[in-house]
Trainee: 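Right, I'll just put the structure down here and ask away after.
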Amino acid sequence: MLPSRCLPLFGATVRREAGELLTLNLLMLLASLPLITAPAAFVAGARISLDMAADRPRYLWRDFWRGFGAVVLRATGVALLLMLALLAAGWSTWIWAQMIAARPLAAAPASVSACVTLAIAAVGLRALILVAAERNARLGLWRRAALASLAAPGRSLAGLAAFAAAPGLTLLFYPLSVLPGLIMTFSLGTLAATIALRPADTARRAGRPSQTVEEETTP
């Protein structure tokens with residue numbers, strides 16, 4: 001039986017899949033080189049992470065690139081909408097923050113705007129995980145992502161923190177962190193975020209080793 005809680009499942013998956021996580025990290029970096037394809041690389045990595053967490057059989061190279069090609073348009077569209085929303089919310093936060101020195105009362109709307117920015121990031125990340133978990137993730141994607149984030153805000157923040165830890169630690173400890181980042185950092189962050197934010201029905205099916213995500217979501 002696989003662990004049901006996030007941290008034990010993450011630890012068990014890392015111990016079992018350490019070698020494949022190294023390869024997955026390399027694949028994600030290669031697929032992200034054009035930058036515009038980075039969201040699709042993340043979603044393809046999240047698909048592989050779901051299989052790893054559920055201990056499902058996979059052919060890493062083939063399944064990654066097949067998943068990448070299948071989600072590139074949807075993942076890019078979701079990421080572009082997310083970036084526009086984050087830019088608008090982040091700009092609002094910055095404007096209010098500039099006013100705090102002259103008008104201390106501006107701290108209240110600045111805090112609200114910062115919270116909205118954080119919420120948008122959490123919902124957007126969960127939407128990308130839904131694209132990874134479901135073959136038909138268009139219908140009500142943002143609504144379901146928002147409702148799931150509201151239902152489990154702690155898990156949403158934990159997933160966002162896990163996802164942000166990889167680039168954050170790489171930038172914080174640059175240049176010492178470049179080599180670890182190239183080895184495993186991004187696949188670990190993707191795995192942690194995917195386990196934290198995986199849909200509830202996917203978590204309940206985690207004990208089924210013989211099916212892929214695409215097979216399970218086929219009507």
Trainee: Return a table of donor-acceptor pairs under 3.5 angstrom between the side chains of residues 27-44 and protein atoms on other chains or two or more places apart.
Mentor:
from, atom 1, to, atom 2, distance (Å)
S32, OG, M28, O, 2.7
T37, OG1, A31, O, 2.4

Trainee: Can you tell me which residue pairs pass the ring pair (Phe, Tyr, Trp, His ring centres under 6.0 Å) test with a partner in residues 94-123, sequence neighbours excluded?
Mentor: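 For residues 94-123: W91-W94.
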Trainee: Does N25 use its side chain to pair, donor to acceptor, with the backbone of L21 at less than 3.5 Å?
Mentor: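 No.
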Trainee: Spell out, as yes or no, whether a donor-acceptor pair under 3.5 Å connects the side chain of T93 to the backbone of S113.
Mentor: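 At least one qualifying donor-acceptor pair exists.
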Trainee: Tell me which donor-acceptor pairs under 3.5 Å the side chains of residues 97-112 have, and how far apart each pair is, sequence neighbours excluded?
Mentor:
from, atom 1, to, atom 2, distance (Å)
S111, OG, A107, O, 2.8

Trainee: Can you run down the ring pair (Phe, Tyr, Trp, His ring centres under 6.0 Å) pairs that involve residues 105-133, sequence neighbours left out, and say none if there aren't any?
Mentor: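 Those involving residues 105-133 do not exist here.
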Trainee: Between CD1 of I195 and OG1 of T190, what distance do you get to the nearest 0.5 Å?
Mentor: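 So the CD1 of I195 and the OG1 of T190 are separated by 11.0 Å.
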Trainee: Mind checking side-chain hydrogen bond (donor to acceptor under 3.5 Å, both in side chains) for S149 and listing every partner two or more places apart, or none if nothing turns up?
Mentor: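 In terms of side-chain hydrogen bond (donor to acceptor under 3.5 Å, both in side chains), with neighbours along the sequence ignored, S149 is linked to R126.
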Trainee: Kindly state each residue pair satisfying ring pair (Phe, Tyr, Trp, His ring centres under 6.0 Å) with at least one member in residues 17-37, sequence neighbours excluded.
Mentor: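 Counting only pairs at least two positions apart or across chains, no ring pair (Phe, Tyr, Trp, His ring centres under 6.0 Å) contact touches residues 17-37.
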Trainee: Under the side chain to side chain contact (heavy atoms under 4.5 Å, CB included) rule, collect the residues that match up with L81, sequence neighbours excluded.
Mentor: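 Partners of L81 under the side chain to side chain contact (heavy atoms under 4.5 Å, CB included) test: W142.
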Trainee: Tell me, please, which residues at least two apart from L150 pass side chain to side chain contact (heavy atoms under 4.5 Å, CB included).
Mentor: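 Residues passing side chain to side chain contact (heavy atoms under 4.5 Å, CB included) with L150: none at all.
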Trainee: Scan for ring pair (Phe, Tyr, Trp, His ring centres under 6.0 Å) pairs involving residues 109-131, sequence neighbours excluded, and state none if there are none.
Mentor: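 Ring pair (Phe, Tyr, Trp, His ring centres under 6.0 Å) check on residues 109-131 returns no pairs.
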Trainee: With sequence neighbours excluded, what pairs up with R5 under the side chain to side chain contact (heavy atoms under 4.5 Å, CB included) test?
Mentor: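 In terms of side chain to side chain contact (heavy atoms under 4.5 Å, CB included), with neighbours along the sequence ignored, R5 is linked to P8.
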Trainee: Working to the nearest 0.5 angstrom, can you tell me the gap between L118 CG and L157 CG?
Mentor: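 Rounded to the nearest 0.5 Å, the CG-CG separation comes out at 5.5 Å.
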Trainee: Considering residues at least two apart in sequence or located in another chain, which fulfil the ring pair (Phe, Tyr, Trp, His ring centres under 6.0 Å) criterion with F64?
Mentor: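 Listed in chain order: nothing, the list is empty.
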